[in-house]
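Here's the structure, in structure tokens; my notes come after.
Side-chain atoms are counted along with the backbone in the values below, which use heavy atoms only and exclude waters and symmetry mates. Note that the structure is a prediction, hence the values are computed from the model and not measured. Chain identifiers are assigned alphabetically (A, B, ...) following the order of the sequence lines, protein sequences preceding nucleic acid strands; residue numbering begins at 1 within each chain.
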Amino acid sequence: MISPRLRFAPSPTGYLHVGGARTALFNWLVARKLGGTFLLRVEDTDRARSTDESTQAIFDGLNWLGLDWDEDVVFQGANLPRHRADAERLLAAGKAYRCFCTPDELSERRAKAEAAGGAFAYDRRCDQLAHDDVARRVAAGAPFVLRFRVPDGETAWTDLVHGRIAFPHTDIDDFVILRSDGTPIYNHAVVSDDIAMGITLVMRGDDHISNTPKQILLYEALGATIPQFGHLPMIHGTDGKKLSKRHGATAVGDYQHLGILPEAMVNFLALLGWSPGGDFDEVMTREQLIAAFSTDGLLKKAAVFDPQKLEWMNGQHLAKMPIERVAALVAPKLVAAGLATADELAAKPEWLHSLLELLRVRSRLVDDIVRQAAPFFGDTVGYEPEAVAKQWKDPAALRALFASVRELVAAHAEWSSGSLEAAHRALAESKGLGAGKLFQPLRVALTGSGVSPGLFDVMVLLGRERTRTRLLAAEEYLRGLSTDA
RNA sequence: GGCCCCAUCGUCUAUCGGUUAGGACGGCACCCUUUCAAGGUGCAGAGACGGGUUCGAUUCCCGUUGGGGCUACCA
């Protein structure tokens, strides 16, 4: 497979679905791995359902994931003249024929066939029409569609993931290729476009397997070279059914807003339906994926989308990526949360980086970082009732304890985590307290919560002055508790 | 109904005839420890079923069952 040309061909009728994103990803991976070309074609021929918003959503999703395409986007709708010309070429060559059956007649016959328990197949009645009869109807302006005349025989191909797949033609109807309004039907438009775009490898979901023999027949009738096909397994929801909105977030945009990183999404999706084989580190960068990728590792079985594993993977990427990128991602969200202004953050990049180092290891989603960041901004903190109830059971004693800490903090020369810890341990010991008996109440005083990064890392980030004011505030709060009591 | 595809722990997967069936997520336990994470260690957990082929089948073949897809003048 030398320099293959591939394409991702979504129809803009919704958002970029994770299944579609994965199809795009595999096409992209093959192209990047083999030095091929990855193209994007928007299949907007269903004008009733296609929207500009959906088209934009597809572009946005692909861009976010970093799946760049190599040539101008092809809009299928713009190729209508060629679709029609190709269909008429087939008619002229005797490979297609006019069918005057109306949709109503067809659905009636279909209903009748199904009621009788049989499968409906077009009976080719219009292919039996006499030439002058056809001419008369055309002259009279009777509407007609163009149907492809399926020859006797069998169509088979060697699928890149499934191996040989064959369909006897007895199972294939004389399918419509051109509607009565002159617009093409999916299979015809796809083949016409794939030929025009020079596509050499068609990779798509395996829900297209049954379309493939029809398309191959069209390639042959049009005298074109048949591309290679590869049918990827589907992605299912946790209940084993085809992934749909019922399963929650299914659009890549949903995950973007949830705080999933594009590299994590790409990594996760790549491992759904593909494996490099053997033992390997599942956390991979885009570059590592390209390096490891091979169509040999494509799986046949449908995979269940596991959001938990996606989040785990996101946490892995979050922990490994350059801290500057984390900062770039989180800063706008801190601003949006009202914790700081962009200028304030820009003024102390090193402080921000230290904070993020502490928080990212405790986070799976980007937004988890934001949720934990509040205690590090502003002069005051709100106390979580549960934390107060659990850690501040003896207000009077704690007030005195915090006063001692305040003295320690004011006098302590080396403002580093290790040094502060040693000093506090000594303080706890001098008071006859276990370290935890001092640290946990102190954590609540400084962060308002019973959960936070290492206490002395917190102090370092807070700085001496804010540490002092928070202690004061806590003492004040505790005074209130004891008078109430 | 017809046609097609698929089938290893709950989930993602390794295994290309011979393994105590390996890893990862999740779960549980323990370690680390000032909390929470992260990290480390350990435990539980799988070849759907029935026939073949073979000295030997998770692996190859057939059938059954189960799941999925397609079956439009949708894409």
Atom pairs, protein N/O to nucleotides 42-46 of chain B N/O, distance under 3.5 Å:
none

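Side-chain atoms of A:Ser210 lie closest to B:rC70 of the nucleotides B:rC70, B:rC25, B:rC36. For A:Val451, taking side-chain heavy atoms from C-beta onward, the closest of the listed nucleotides B:rC73, B:rC3, B:rU35 is B:rU35. Here B:rG10 is the nucleotide among B:rG10, B:rC73, B:rU34 with the atom lying nearest to any side-chain atom of A:Asp306. Checking B:rC73, B:rG69, B:rG2 against every side-chain atom of A:Asp171, the shortest atom distance belongs to B:rG2.
In this structure, A:Val176 reaches the sugar-phosphate backbone alone: every heavy-atom distance under 4.0 Å involves primed, P, OP1 or OP2 atoms, never a base. Residue contacts shown for A:Gly278 are limited to sugar-phosphate atoms, with no base heavy atom under 4.0 Å away.
Ring-plane geometry between A:His424 and A:Phe456 is classed as tilted, the angle between the planes lying from 30 to 60 degrees on a 0 to 90 degree scale.
Taking every heavy atom of residues 427-442 of chain A and every atom of RNA chain B, pairs under 4.0 Å involve A:Phe439, A:Gln440, by number.
Across all strands shown, B:rA29 is found opposite B:rU41 as a Watson-Crick or G-U wobble partner, with both distances under 3.5 Å.
A:Asp123 is linked by a salt bridge (charged side-chain N to carboxylate O under 4.0 Å, His left out) to A:Arg109, A:Arg125, counting only residues two or more places apart in sequence or in another chain.
Counting atom types as modelled, A:Ser180 pairs a side-chain N or O with a base atom of B:rC73 as donor and acceptor under 3.5 Å.
One finds a salt bridge joining A:Arg82 and A:Asp193 here, because a Lys/Arg side-chain nitrogen approaches an Asp/Glu carboxylate oxygen to under 4.0 Å.
Nearest-nucleotide assignment on RNA chain B puts the 5′-proximal partner with A:Gly277, out of A:Leu106 and A:Gly277.
Remark: A:Gln372 is not in phosphate contact with B:rU35, judged by side-chain N or O atoms under 4.0 Å from OP1 or OP2.
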